[in-house]
A.B. asks: 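Dropping the structure in here first, questions after.
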Amino acid sequence: MITLEVSLGERAYPIFIGQGLLAQTNLLRPFVKGRRALIVTNEVVAPLYLGAVREALGDVQCDTLILPDGEHTKTLQTLSLIYDKLLAERHERSTTLVALGGGVIGDITGFAAATYQRGVNFIQVPTTLLSQVDSSVGGKTGVNHPLGKNMIGAFYQPQCVIADTQVLQSLPFRELKAGLAEVIKYGLIDNLPFFEWLEANVDGLVAGEQTLLAEAVKVSCQDKARIVAADEKEGGVRALLNLGHTFGHAIENAMGYGTWLHGEAVAAGMVMAADLSVRLGWISSAEARRAKALLQRAGLPVVPPAEISVADYMRLMAFDKKVVGGKIRFILMRGLGQAVIESGIDAALLEQTLEAKEQLCEI
Ligand code: NAD
Ligand code: GLY
């Protein structure tokens with residue numbers, strides 16, 4: 001088992017990464033401070049891993065809420081179901097919420113924990129690659145609004161993150177690939193050696209090789225923990241973690257939440273960011289094509305949907321949380337492994353990127 005730390009002073013917490021961690025009875029239990037817990041999971045994950053987590057909680061009095069599956073359930077309505085359960089079962093402020101599932105369960109459960117009785121403990125048990133490398137770490141919690149993704153939420157850190165890489169074996173292939181988009185993101189942001197390692201190992205990762213996946217989770221969490229520790233509430237450098245997301249969130253929303261997986265939309269979004277960076281003269285087309293090629297080898301979409309118009313993008317991107325004073329801030333590239341935050345991007349160049357589709361990075 002590898003233990004990392006998210007160094008946030010009094011809100012610091014460990015990330016445990018390893019194979020078979022859910023079966024370790026002494027790992028989860030010490031992080032439940034009171035006598036009661038509510039495990040929030042979904043109809044897909046419950047039959048696979050709920051039993052192990054209940055067992056790992058030992059003498060804790062556990063309730064369980066099994067939500068429907070899917071991104072379209074990440075709503076205020078579903079959030080209410082968690083509050084309903086907590087209140088109906090008379091959970092007090094000393095309770096602990098355990099999020100068992102992917103990013104959808106982690107985000108919504110974390111927000112419930114942030115807001116129930118003004119904040120209760122919570123634990124992240126991420127079960128998808130995407131949630132192990134990204135969403136379970138760093139305390140972004142929330143739900144979607146019909147007008148924009150993750151528009152309602154809070155920064156709220158968990159007590160610990162338990163990433164059992166063995167659970168990735170049951171993950172559908174499409175979900176594994178979607179998680180790889182966020183892994184590749186770390187290489188592109190500020191870790192060129194990791195990007196090169198990914199170029200060398202992407203085939204094994206796509207094949208689900210355990211040791212490679214564990215290494216990818218470890219490096220991704222190290223990078224994320226470092227950036228979050230430097231800027232917990234995204235006043236600056238944390239925005240880099242949104243590489244590909246401004247375009248990606250617009251794709252997810254335009255196509256209907258859940259049609260394009262988050263990681264798929266981020267993959268196409270990163271190709272768009274690379275393309276715009278070439279048009280701005282900041283990276284070479286060869287570098288942009290190298291980024292695109294790695295994403296393609298990971299089985300990810302590198303062409304955004306044909307049906308989204310420039311006007312659609314502009315309307316949807318205006319809801320991005322990085323908008324400041326009406327100006328969209330983009331995460332772009334000054335090199336591979338050198339992402340930057342920029343606003344005031346030339347509208348004509350942006351339009352060219354939004355129109356490029358099949359021709360992205362072929363400049
Ligand atoms: P998800 O939670 O929908 O999980 C993907 C699918 O895999 C679901 O059908 C789920 O039931 C299933 N599943 C989960 N674990 C499984 C397992 N071990 N075996 C078999 N099936 C399993 O999607 P996701 O990709 O994990 O997360 C996407 C969400 O995360 C989005 O809502 C996105 O906005 C959010 N996100 C949040 C952050 C953050 O910092 N909070 C960062 C990135 C993404
Ligand atoms: N996934 C982006 C962040 O956590 O900041």
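One-based numbering, in listed order, for ligands and for the atoms of each.
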A.B. asks: Nearest 0.5 Å, please: how far is CZ in F247 from CE in M272?
C.D. replies: 5.0 Å
A.B. asks: Would you mind reporting whether H91 and Q117 have side-chain heavy atoms less than 4.5 Å apart?
C.D. replies: no
A.B. asks: Which atom pair, heavy atoms only, marks the closest approach of E342 to W282?
C.D. replies: CG-CH2, 3.4 Å
A.B. asks: Is there a side-chain contact between H245 and M270 in this structure, where contact means two heavy atoms from C-beta onward sitting under 4.5 Å apart?
C.D. replies: no
A.B. asks: Minimum heavy-atom separation for V228 to L8, with atom names?
C.D. replies: O-CD2, 3.8 Å
A.B. asks: Using ring pair (Phe, Tyr, Trp, His ring centres under 6.0 Å) as the criterion, list what pairs up with F194, not counting sequence neighbours.
C.D. replies: W197
A.B. asks: Could you please spell out the steps behind the side chain to side chain donor-acceptor pair (under 3.5 Å) verdict for Y49 and S170?
C.D. replies: CA-CA 10 Å; Y49 305 114; S170 57; 2.5 Å; yes
A.B. asks: Scan the side chains in residues 354-363 for donor-acceptor partners under 3.5 Å anywhere in the protein, sequence neighbours excluded, and list what turns up.
C.D. replies:
| unit_1 | atom_1 | unit_2 | atom_2 | d |
| --- | --- | --- | --- | --- |
| K357 | NZ | I308 | O | 2.8 |
| E362 | OE2 | K292 | NZ | 3.1 |

A.B. asks: Report every pair formed by an N or O atom of ligand 2 and a protein N or O atom separated by less than 3.5 Å, giving atom names and the distance to 0.1 Å.
C.D. replies:
| unit_1 | atom_1 | unit_2 | atom_2 | d |
| --- | --- | --- | --- | --- |
| ligand 2 | 1 (N) | D134 | OD1 | 3.2 |
| ligand 2 | 4 (O) | K224 | NZ | 2.5 |
| ligand 2 | 4 (O) | R238 | NH2 | 2.8 |
| ligand 2 | 5 (O) | K140 | NZ | 2.9 |
| ligand 2 | 5 (O) | R238 | NE | 2.8 |
| ligand 2 | 5 (O) | R238 | NH2 | 3.3 |

A.B. asks: Does the Lys NZ or Arg CZ of K85 fall within the cation-pi geometry relative to Y83 - under 6.0 Å from the ring centre and within 45° of the axis?
C.D. replies: no
A.B. asks: Kindly tell me which protein residues have any non-hydrogen atom under 4.0 angstrom away from an atom of ligand 1, grouped by chain and ordered by number?
C.D. replies: N42, V44, V45, L48, Y49, D69, E71, K74, G102, G103, V104, D107, T127, T128, L130, D134, S135, K140, K149, N150, V167, S170, L171, P172, E175, E182, K224, H262
